[in-house]
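Read through the structure below, which is laid out as structure tokens, and then see the notes.
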Amino acid sequence: MSKMAGNTLREAGEGISPGRDLGPLVERVLEEGADVFFRVDSPLGPVFVAAGSRGVTCVDRAGIPEDFVRRYRERFGRLLVPAGEREGGFVRRVAAALAGRRVEVPLDLERMTPFQRRVMRVVRGIPRGEVRPYGWVAREAGSPGASRAVGNVMARNPVPLLVPCHRVVRNDGTPGNYGFSPQEKVRLLREEGVPLEELSGSPYAATPTTGVFCHATCRHARRIQPENRIPFRSPADALDAGFRPCRVCRPAAV
DNA sequence: TGATTGACTCTCA
DNA sequence: ATGAGAGCCAATC
């Protein structure tokens, strides 16, 4: 750890004459400039998490710390130093969130465009164990028809898991692609209890008892008794059959 | 400004 | 069923 900090500070010290005491620089960097990072376990395995004063900026698979720090500077233009005692509570919070607990973690998405931020906010609200299509995310974000653009946002999601982009799937109920690998997406969703095979081909479900249809993984849909469950391939089919969209999971525009 | 790109989504053989 | 092709939207250069 201390060795790594040394490297980081050396890089930060461009313009500082050799031999100068770096102590004051350390303090200045910690007080006003540097973001911090730490390593923590996650469903994707060990990851590095970086955060600034506004919140988490980046989550990525843990590799060589120096590489992470270097890439971070290239991408965010910010210096990165290992988290210390002061960040202990924050680190535990992030660890809990990554472990799947419903803990609020502040995110710093300042660098993203308004559309990208809206998409991130929508995706963040998809509960564990549930999935939603790209097209639905687009509509919820205020840009119906922008499903492909949503895919582009997901592909560059700086904070995977914290914004659960693995829960965004294709409209036909198949998992679709994922930055780390489609297999990884399937594994994560299985771990969360998503019945992928049941979803594929009929990602919507209705029950005559209420006349409502849902995304098949909506918490309401999952309570439908098997004998009452009517699967649907698309919202249009469910509407044609006389069902109305669930107000919780909003499978179609009202 | 215009062309290109792509974790999408339809339609039609 | 399955795959090619076209349409689409926001970002990027």
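Letters go in sequence order (proteins before strands), and every chain restarts at 1.
- Looking at the side chain of C165(A), the nearest of the listed nucleotides dC8(B), dA7(B), dC9(C) is dA7(B).
- Side-chain atoms of C246(A) and F213(A), non-hydrogen and from C-beta on, never get closer than 4.5 Å to each other.
- V159(A) and L188(A) fall within a single hydrophobic cluster, where Ile, Leu, Val, Met, Phe, Trp and Tyr side chains are chained together by heavy-atom contacts under 4.5 Å.
- Between dT9(B), dA7(B), dC9(C), one nucleotide has an atom nearer to the side chain of S147(A) than all others, and that is dT9(B).
- Rounded to whole angstrom, the span from the CZ atom of R118(A) across to the P atom of dC9(C) amounts to 14 Å.
- Within the nucleic acid shown, A149(A) comes within 4.0 Å of at least one base atom, counting heavy atoms only.
- Every residue two or more places apart in sequence or in another chain was checked for a ring pair (Phe, Tyr, Trp, His ring centres under 6.0 Å) with F115(A), and none qualifies.
- An OP1 or OP2 oxygen of dC8(C) is reached within less than 4.0 angstrom by no side-chain nitrogen or oxygen of R148(A).
- Rounding to whole angstrom units, CZ of residue R139(A) and P of dA10(C) are separated by 15 Å.
- Remark: side-chain polar atoms of T217(A) are paired, donor with acceptor, to backbone N or O of V131(A) under 3.5 angstrom.
- Distance N157(A) CG to dC8(B) C1': 17 Å, rounded to the nearest Å.
- When each of R187(A), E192(A), E184(A), K185(A) is paired with H166(A), the side-chain hydrogen bond (donor to acceptor under 3.5 Å, both in side chains) condition holds for E192(A) and for no other.
- Between F232(A) and F243(A), the closest side-chain pair of non-hydrogen atoms falls below 4.5 Å.
- Counting non-hydrogen atoms under 4.0 angstrom, Y134(A) reaches a base of the nucleic acid.
- The nearest whole Å value for the distance from the CZ atom in R187(A) to the P atom in dA7(B) is 21 Å.
- Within the nucleic acid shown, G179(A) comes within 4.0 Å of at least one base atom, counting heavy atoms only.
- Between the P atom of dA11(C) and the CZ atom of F115(A) lies a distance of 6 Å, rounded to the nearest Å.
- In this model, the phosphate group of dC9(C) is not approached by any side-chain N or O of S143(A) to a distance below 4.0 Å at OP1 or OP2.
- Whole-Å rounding puts the D172(A) CG to dC8(B) P distance at 10 Å.
- Rounded to whole angstrom, the span from the CE atom of M154(A) across to the P atom of dC8(B) amounts to 12 Å.
- Side chain of N157(A) to main chain of V163(A): a donor-acceptor pair is present (N/O by atom type, distance under 3.5 Å, no hydrogens or angles).
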Protein-nucleic acid N or O pairs under 3.5 Å, nucleotides 10-13 of chain B:
| unit_1 | atom_1 | unit_2 | atom_2 | d |
| --- | --- | --- | --- | --- |
| dC10(B) | OP1 | N171(A) | ND2 | 2.4 |

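- Per the geometry, CZ belonging to R233(A) stands 15 Å off P belonging to dT2(C), to the nearest Å.
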